[in-house]
Structure formats: C-alpha cells, structure tokens
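The structure appears right after this line, and notes come after that.
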There are 2 protein chains.
Amino acid sequence: MPRAMRADARHNRERLLKIADATFRREGVNASLAEIARTCGIAIGTLYRHFPTRDALLQALIHDQVTSLRENAERLADSDTPREALIEWLQEFGRCASAYQGLAESILAAAAAEGSDLNADVESMRAAAAVLLTKAQKATAIRPDVRPAEVFALACGAGTASHYATADPDRLLRLVVEGLAPRE
Amino acid sequence: MPRAMRADARHNRERLLKIADATFRREGVNASLAEIARTCGIAIGTLYRHFPTRDALLQALIHDQVTSLRENAERLADSDTPREALIEWLQEFGRCASAYQGLAESILAAAAAEGSDLNADVESMRAAAAVLLTKAQKATAIRPDVRPAEVFALACGAGTASHYATADPDRLLRLVVEGLAPRE
DNA sequence: ACCTGAACACCGTTCAAGT
DNA sequence: ACCTGAACACCGTTCAAGT
C-alpha cells in the first residue's frame, strides 16, 4: 500500500492477490497459504511479509468492494423507497460477503471481536447498514424493534447459506427483509 | 452402537462423546481431534476407530436432538397455527444447529453434498421442515413461492450468525419468518 | 475385539541469513 | 528493502503391532 514500493515487491503483492483470489474462490477462505505461495512461486515468508495474517489478505482482497459499498450507502440514503434501498444495499453486501466460502463468517467474527485486520472495514459496513436501517425505520418501512446488529447478522447468515443452498444471496436477503410470511 | 460392545470400548466411546461435546462447545466443530483424544487419555487411533470421520462424531453428538426434532415435527404437523408451529420447530432446529460454532455450516454442507455421515440425519430434518412448511403454505400462512431448501438455508444461516451477533437464534428465526418489514 | 502409538504428509508462523 | 527457506510446533489420518 505505501506508494513507493520496490518494483519486485509491488509485482509480488499483485500476483499474490490474484492467486489468493482464485484459490479462495475455489477452496474458501481457509485454503492453504502455503499452497498460495507455492502457486505464486514465492517463498512463504514473502507472503507473510505482505500479509501478516489471513485477515490482512482478505482485507486487501475486498477493499475495493468495501469502498463501493460505502459510496452506495451514501447514494441510497436519500432514496424515497427506503426499504428497497436497504434491500439493494444488503444484496450488494451479501454478494461481497459471499465471494469466498467462509468470508461471511470472518466478517461476523470481526464484527464481534477486536484484533482483526477486517475490523475497520467491517465497522464501516456495519455503520452504513445502520444508517439505511434507521432511515427505513423512520419511514415505518422496517419494524422499529430490529437492531442493526441483527440485520448485519442475518445478512452474513444469508451469505453463508447461499454457498450451499440452491439459492442466490439476492433472493435470500429479499426474503429476510420481506419475511417468509405473506403481507397481510 | 452395536449392542454388544466390550466394556472398555463402550466406556471409551462415552468418554469420547463427553469430552468432544465440551471441546466443540468451547472451540467449535473444527477443534483438534488430537486434543480431544489427549484430554480423554486415549490414543488417537482409538478415536478414529470409534468415529472414522469428524462428521461421524458430530452425528453421534446430535443424534438425540435429531430424534427429538423428528418427533416434534410430527406433533406440530397438526397444529392449527401452522406458522407458529413452523417457527417453533425452526427454533428448536436452530438451537440444535448452533450447539457448536460451525455445526450449522456442516449441516448445510451435508444437505448439499453426499458422502457425509450427517447425510441421513440432515435429510430427515430437511424433510421435517418441508412438511411443516407445506402445511403452513396450504394455510396461506407462508408465502407460496418459498422453497424448503431456502427455509433450511436461512435457519442454518441464522444459527451461524447467532454465534457472533448479540442475538439468540430464537429471535433471529422469528425475524426471518415474520420478516423485518412490518405487517401491513 | 479393541487399543496403542509411530509414521507420513501437510500446515501456520517465525526469523536468521541472504541479495 | 525485500526475499528465501529452514525450523518449530502442531494437526489429520493410517496401519502394523500389541493385548
């Protein structure tokens, strides 16, 4: 991330991210780091120098999407259909959180405990969700007793589930917000 | 499980289950099997003789609860408040699936792929949920387009999430069924 | 019939030594 | 400034040898 990086280091970092993305996509966030380094043709120590923890690697991988989520939250905050705005944002979040199997759970863990490299990003997403939730509640489009942590948890849960069930995260998240019970 | 088990074997099996339950409760379903054997004072080969796979161990641990879930599904099938019946059953399922961190995901995985010792139990739970879902749908208490796999997935997702969020699975599951949006 | 534990292949993580 | 790879501690799983 420092602007002035030696060319070989920058190259290794980018290659590492590319291979890690492919590997995580295939095997989930708990894939072997040794294998990633091997596939890169890079020594394991170099991987650790660039990304001291698994979460640091994940953080770098989702960074762009987190930025996009933050921007979209601002854009959606003024929607005049706040429930749909919440759904739309949660769906984008859900797609991000289910990029790799196990990522949604890493996000949940980072939301619940300190000491993860995902903390800052997760907190910014949690805050974005909270803003949209509050707006929707003020418009009585969402039950007033629902707490941000619950929405966040359910969105991550749907992200996890979508990896196994024959259901995309978009549909699961709409069901969560609208409910399985019919509108009366 | 064979009725005629040598006394030492039966004793080891029970001790293994007891320690595994405590360990999984503390560290999740991916806790070290070597550590469990060590805590038991039993050789690792003995653990594998009793439970050839991690899922076989999990299957034995949740067996009683699965039986209870099957019985309760029958009892609840004739309820005249089918939506509440579904919620109640899903809540019991959710408590079972969130006994250990990671168990809900193991259940999802077993529901989606063959070759797990959890397959039979998971299938019986999936079927039980499907019966209650259909009843509720016939009574127009649940949206007709919701599929059993989706309900099952969301319940497992809520089970996973409840491990991290400040929310018990019971409340999350009620939210899922009733929806975050208010009744209109 | 059951238990033991060495053996093998693998991984996460650190760190002294190199360029 | 960065990379290498050996070193250490640990794990999952199997299987020949014991009782």
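Numbered from 1 within each chain, the chains take letters A, B, ... in sequence-line order.
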Q. Given the rule that a pair is Watson-Crick or G-U wobble with both distances under 3.5 Å, how would you write DNA chain C in dot-bracket, using | for pairs to a different strand?
A. ||.|||||...|||||.||

Q: Starting from the C-alpha separation in whole Å, work towards a yes-or-no answer on salt bridge (charged side-chain N to carboxylate O under 4.0 Å, His left out) for B:Arg126 and B:Glu123.
A: CA-CA 5 Å; B:Arg126 200 207 51 75; B:Glu123 167 53 24; 3.1 Å; yes

Q | Candidate pair B:Ser79 and B:Glu88, rule side chain to side chain donor-acceptor pair (under 3.5 Å), full reasoning | A | CA-CA 11 Å; B:Ser79 165; B:Glu88 191 181 322; over 6 Å; no

Q.
As a quick check of understanding, evaluate salt bridge (charged side-chain N to carboxylate O under 4.0 Å, His left out) for B:Arg174 and B:Asp170, giving each step before the final call.
A. CA-CA 6 Å; B:Arg174 181 169 288 279; B:Asp170 278 11; over 6 Å; no

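Looking only at side-chain heavy atoms (C-beta outward), B:Gln65 and B:Arg95 stay at 4.5 Å or farther from each other. A:Leu57 has its side chain within reach of A:Phe24: a pair of non-hydrogen atoms, C-beta onward, lies under 4.5 Å apart.
A salt bridge between B:Arg38 and B:Glu35 is absent, with no side-chain N of the basic residue lying under 4.0 Å from a carboxylate O of the acidic one.
When each of A:Ala9 and B:Gly45 is assigned the nucleotide of DNA chain D with its nearest heavy atom, A:Ala9 is the one assigned upstream, toward the 5' end. Where B:Gly41 and B:Arg6 meet DNA chain C, the nucleotide closest to each residue was compared, and B:Arg6 sits on the side nearer the 5' end.
A:Gln59 pairs in a side chain to side chain donor-acceptor pair (under 3.5 Å) with only one of the listed residues (A:Asp121, A:Thr53, A:Asn119), which is A:Asp121. Test B:Thr81, B:Leu86, B:Ile87 against B:Arg83 for side-chain contact (heavy atoms from CB on, under 4.5 Å) and you get one pass: B:Ile87.
B:His11 comes within 4.0 angstrom of nothing in the nucleic acid, heavy atoms only. At the heavy-atom level, B:Ser32 lies under 4.0 Å from the strands shown only through sugar-phosphate atoms.
On the nucleic acid side, DNA chain C has its first and last nucleotide under 4.0 Å of a heavy atom of chain A at C:dC11 to C:dC15, going 5' to 3'.
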